[in-house]
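Notes follow once the structure below has been shown.
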Amino acid sequence: MHSDSARQRVLVTGGAGFLGSHLCELLLSEGCEVLCVDDFSTGARHNVEHLLGHPRFRLMTHDVTVPLDAHVNRIYNLACPASPVHYQRDPVQTTKTCVLGALNMLALARREGARILQASTSEVYGDPQMHPQHESYWGNVNPIGIRSCYDEGKRCAESLFFDYHRQHDVDIRVARIFNTYGPRMDPQDGRVVSNFIVQALRGEPLMVYGDGLQTRSFCFVDDMVTGLHQFMEADSGGTGPVNIGNPHEFTVRDLAGLIIELTGSSSKLGFSALPSDDPTQRRPDVSNAERMFCWKPRVSLVQGLERTIVHLARLTASAGSGPSFPNVHGTPRP
């Protein structure tokens with residue numbers, strides 16, 4: 001870790017979101033001063049409520065499409081709706097958040113001489129024709145589809161980061177994040193893990209798109225934020241882009257069966273049409289992360305799902321929207 005981490009002033013955009021709130025916790029544990037910025041379009045105040053009394057934590061309501069001034073030496077740019085349900089709700093705003101948000105945060109990094117990390121995405125690879133996906137792959141993206149607001153928005157943000165690095169010598173890091181899950185997932189965000197868990201807890205059919213043989217790789221949130229932090233603080237790590245994700249690959253059907261087993265649910269599988277431009281395979285090559293900053297995921301899918309199920313079961317029970325199951329109360333296995 002960086003020797004000056006205790007004195008770092010860190011800005012986290014999208015800091016009240018699922019991933020951002022966990023990152024804020026990690027940074028506080030490292031002794032950083034944390035400025036959490038969020039417009040609460042998809043983030044939630046309750047994700048960071050427990051941090052509000054911390055002497056080194058500050059919460060600011062702000063939209064990153066508007067310029068921001070802050071005295072910081074680290075910037076994590078996470079601000080953007082990250083699930084199809086959210087980013088397709090207002091696709092023009094999603095593109096503006098990706099592009100104008102990147103421009104505004106890069107301009108701030110240049111003014112402050114700060115190091116800045118862009119939370120990019122595996123979606124830059126589109127429906128990949130390379131498997132697993134290595135950072136050298138340029139992708140197979142539909143530029144005019146319903147997902148392009150996010151996919152192309154993130155690709156443009158990467159371009160801006162590298163142009164600011166070449167043109168203005170801004171110290172950048174670009175991380176390509178693969179499917180991440182864990183506590184504080186929004187049960188209504190439409191992602192496959194949260195969808196399946198909530199459906200299982202309610203005893204509803206687990207709705208599988210297509211034949212369910214498409215694959216995904218699922219990274220637990222603790223592993224992800226550790227990877228982002230290690231990448232940011234690796235002085236010899238280079239600019240990236242670097243894939244961060246779990247390379248263990250599962251079919252969607254495998255995931256559904258595992259969640260039914262872990263919840264003890266009586267749910268069965270249901271099937272619906274595959275959404276437009278949905279990738280058929282998704283698995284990161286993480287050899288660069290291992291080589292550059294000695295990172296690899298440590299939490300297994302079963303361990304991570306148990307912790308996520310406990311979280312979503314509490315939300316489901318408190319909302320009175322479904323039965324409780326004996327498998328999902330108490331403390332999950334470490």
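Only heavy atoms go into these numbers, but all of them, side chains included; no hydrogens, no water, no symmetry mates. In this text the structure is predicted, and so the values were computed from the model without any measurement.
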When you measure from the side chain of [X] to the backbone N and O of [Y], does any donor-acceptor pair fall under 3.5 Å?
X      : Y      : result
Asn140 : Gly126 : no
Thr280 : Gln214 : no
His168 : Val170 : no
Asn47  : Ala16  : yes
Ser194 : Val192 : no
Asn104 : Val64  : yes
Ser217 : Arg282 : yes
Arg253 : Asp211 : yes
Trp295 : Leu228 : no
Thr13  : Leu78  : yes

What distance separates [X] [atom1] from [Y] [atom2], expressed to the nearest 0.5 Å?
X      : Y      : atom1 : atom2 : result
Thr180 : Ile244 : OG1   : CD1   : 9.0 Å
Phe220 : Thr226 : CZ    : OG1   : 10.5 Å
Ile75  : Leu106 : CD1   : CG    : 8.0 Å
Arg176 : Ser120 : CZ    : OG    : 6.0 Å
His229 : Leu26  : NE2   : CG    : 5.5 Å
Arg283 : Arg216 : CZ    : CZ    : 14.5 Å

Is there a side-chain contact between [X] and [Y] in this structure, where contact means two heavy atoms from C-beta onward sitting under 4.5 Å apart?
X      : Y      : value
Met105 : Leu11  : yes
Pro241 : Phe161 : no
Leu269 : Pro205 : no
Gln93  : Thr65  : yes
Leu258 : Phe196 : no
Val34  : Leu23  : no
Thr95  : Glu152 : no
Arg45  : Leu59  : yes

Over all heavy atoms of both residues, which pair between [X] and [Y] is shortest? Give the atoms and the distance, please.
X      : Y      : answer
Gly15  : Cys24  : O-SG, 3.8 Å
Ala157 : Ala102 : CB-CB, 3.9 Å
Cys32  : Val10  : CB-CG2, 3.8 Å
Val85  : Gly190 : CG2-CA, 3.7 Å
Tyr164 : Leu103 : CE1-CD2, 4.1 Å

Lys/Arg N to Asp/Glu carboxylate O, [X] vs [Y], below 4.0 Å:
X      : Y      : result
Arg155 : Glu158 : no
Asp222 : Arg298 : no
Asp235 : Arg115 : yes
Arg9   : Glu112 : no
Glu123 : Lys154 : no

- Item | Residues Ser265 and Thr263: side-chain donor-acceptor under 3.5 angstrom |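 The criterion, which ignores hydrogens and geometry beyond distance, is not satisfied for Thr263 and Ser265.
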- Residue pair Asn243 / Gln133, side-chain donor-acceptor N/O under 3.5 Å: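 On atom types as modelled, these side chains do not qualify, holding no pair under 3.5 Å.
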- Message: Students often mix this up, so state it plainly: with edges at 30° and 60°, are the rings of Tyr137 and Tyr125 parallel, tilted or perpendicular?
- Response: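 Parallel.
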Linking I/L/V/M/F/W/Y whenever any side-chain heavy atoms sit under 4.5 Å apart, do [X] and [Y] land together?
X      : Y      : answer
Val302 : Val221 : yes
Met224 : Met292 : yes
Val12  : Phe40  : yes
Ile177 : Phe250 : yes
Val174 : Leu100 : yes

- Query: Got more than 12 heavy atoms from elsewhere within 6.0 Å of NE2, His54?
  - Reply: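 Result for NE2/His54: enclosed.
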- Does NE2 in His50 sit with more than 12 non-hydrogen atoms of other residues, nucleotides or ligands closer than 6.0 Å?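 Yes, NE2 of His50 has more than 12 neighbouring heavy atoms, counting only those of other groups under 6.0 Å.
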- Item | Intermediate values then yes/no, side chain to side chain contact (heavy atoms under 4.5 Å, CB included), Leu35 and Met60 | CA-CA 7 Å; Leu35 172 59; Met60 174 188 294; 4.1 Å; yes
- Item | Result of checking Val225, Leu27, Leu19 against Tyr76 for side chain to side chain contact (heavy atoms under 4.5 Å, CB included) |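 Answer to the side chain to side chain contact (heavy atoms under 4.5 Å, CB included) test with Tyr76 among Val225, Leu27, Leu19: Leu27.
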- Query: So Thr42 and Asp186, side chain to side chain contact (heavy atoms under 4.5 Å, CB included) or not? Walk me through it.
  - Reply: CA-CA 9 Å; Thr42 57; Asp186 180 350; over 6 Å; no
